[in-house]
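Values below: every heavy atom of this structure, side chains too, minus hydrogens, waters and symmetry copies. Numbering of ligands and ligand atoms starts at 1, following listing order.
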Amino acid sequence: MSVSEKPLIDALTGKQPAALPIWLMRQAGRYLPEYRALRDRAGSFLDLCYTPALAAEVTLQPVRRFGMDGAILFSDILVLPHALGQSVKFVDGEGPVLDPIRTTDKLQTLRLDRVALTTAPVMETIRLVCQSLPSHCALIGFAGAPWTVATYMVEGGSSRAFETIRSLAYGDRPFIAALIDLLVAGTIKYLIDQVRAGAEIVQLFDTWAGVLPENEFRMWCIAPTKLIVAALRAEDPRVPIIGFPRGGGRQLERYVDETGVDAIGLDATVPLDHAKQLQQRTTVQGNLDPLLLRQGGTALTDEVNRITGVLGRRRFVFNLGHGIVPDTPPEHVAALVRQVREQGAG
Ligand code: CP3
């Protein structure tokens, strides 16, 4: 098999990449001074997501500064509920605030046929990024997985215990099933549009998969993901799909086998021997603790050595176990990319 120009795509398709690929979740964002400067000019966070020239610029900022192998589209998983017609606001210092949806009546006010029009600027961002992407770098589109997006839609924002949605999943299962069905359909349309616009890889963020008990994990995490993967494959079988069921623990094998994803993102709690076992099945991505990246020093370099030592150069994408935290020194990110480059070269 010939090696492409893009190590990230090679790693995700089971080829031996020319070098160990690295990108970082939340690599664009507040830890970068150039992001903060641009963010101040953009108005609201959603305005930034829907302004192609600015969103494209923010997508490229970390790639220019650090030379990652992947550029993740600058947007947010809550763009989809917004595009469906739910009220979504990002309040400084508080996070997302949504007008909660907890009944079938309210669910019926959402409109799948609005998604394409409202998210058209996101597709324009993708086209703009494609024009200035370095040749070694691949563009990653993304969406939240249905369960994770549903938690924000039902709880009305970030949550600690997810009691409202989890109770509804037992007490009014038809409602949660209808919401998840709508999100499956919306996510499929939204991701197919991203692929048509030029996304070369897609990642599904299931940040809150880990709060689900076994049966619910199968119902609300695995089953919807499987439908999305099948629909994307039917559209374009060449686009690798990375699943990130954070906190999936011992259910990760089943997730890989049943959803058919091309790669699995691992959070920092996954032991490396488990990661190595998963690597027999698929490409693994992860799983450095973002707080260790913020900390820096020898503990960081030792841990990077340990991860790359165990997971090697094939079927492995270096990443964090979750997103970069805002007060991470950019120099630590530069040093990390350099270290992974040195270890994964040749
Ligand atoms: O660099 C990238 O990763 C690309 C852009 C991206 C953002 N959010 C930008 C963002 C991506 C891929 C996301 C995904 C996302 N958004 C997830 C899944 C991954 C994860 O981190 O668990 C989730 C759960 C969200 C929802 C979300 N968006 C929350 C809870 C918040 C508020 C918390 C916070 O960090 O402020 C956001 C806002 C957000 N999304 C910011 C950025 C850069 C910060 C907002 C700002 O700049 O004011």
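Close N/O approach between Tyr152 and ligand 1 is not found [any backbone or side-chain N/O within under 3.5 Å]. Considering backbone and side-chain atoms together, Arg39 places an N or O closer than 3.5 Å to an N or O of ligand 1. By the 3.5 Å distance cut-off applied to N or O atoms, Thr148 is not counted among the residues near ligand 1. In terms of polar-atom proximity, defined here as any N/O pair under 3.5 Å, Ala28 does make such a contact with ligand 1. For ligand 1, the polar-atom distance check against Trp208 finds no nitrogen or oxygen pair separated by under 3.5 Å. Any N or O atom pair closer than 3.5 Å counts here, and Asp92 shares no such pair with ligand 1.
Comparing heavy-atom distances from atom 10 (C) of ligand 1 across Tyr31, Phe142, Phe244, Phe45 singles out Phe45 as nearest. If you check each of Asp76, Leu24, Leu204 against atom 8 (N) of ligand 1, the one with the closest non-hydrogen atom is Asp76. Closest heavy-atom approach to atom 13 (C) of ligand 1 within the set Gln27, Met25, Arg26: this belongs to Arg26. With atom 30 (C) of ligand 1 as the reference point, the heavy atom nearest to it among Pro62, Gly95, Pro96 is part of Pro96.
Screening Lys15, Arg315, Arg238, Arg233 against Asp262 for a salt bridge (charged side-chain N to carboxylate O under 4.0 Å, His left out) leaves a single residue, Arg233. For the side chain to side chain donor-acceptor pair (under 3.5 Å) with Glu34, the qualifying choice from Arg65, Arg64, Arg39 is Arg65, the only one to do so.
Close approach of ligand 1 to Ile72 (heavy-atom distance below 4.0 Å) involves ligand atoms 1 (O), 2 (C), 3 (O), 4 (C), 12 (C). Residue Ser158 approaches ligand 1 through these ligand atoms, each under 4.0 Å from one of its heavy atoms: 30 (C). Annotation for ligand 1: atoms under 4.0 Å from non-hydrogen atoms of Leu73 are 4 (C), 5 (C).
A salt bridge between Arg254 and Glu214 is present, with a side-chain N of the basic residue lying under 4.0 Å from a carboxylate O of the acidic one.
For Phe244 and Phe142, the ring centers sit 6.0 Å or farther from each other.
Distance check: Ile176 CD1 to Ile180 CD1 gives 7.0 Å after rounding to the nearest 0.5 Å.
Listed for the Glu155 side chain is a donor-acceptor partner under 3.5 Å among the backbone atoms of Thr164. Side-chain N or O atoms of Asp267 include none that pairs as donor or acceptor with a backbone N or O of Gly321 at under 3.5 Å.
Lys276 places none of its side-chain heavy atoms less than 4.5 Å from the side chain of Leu272.
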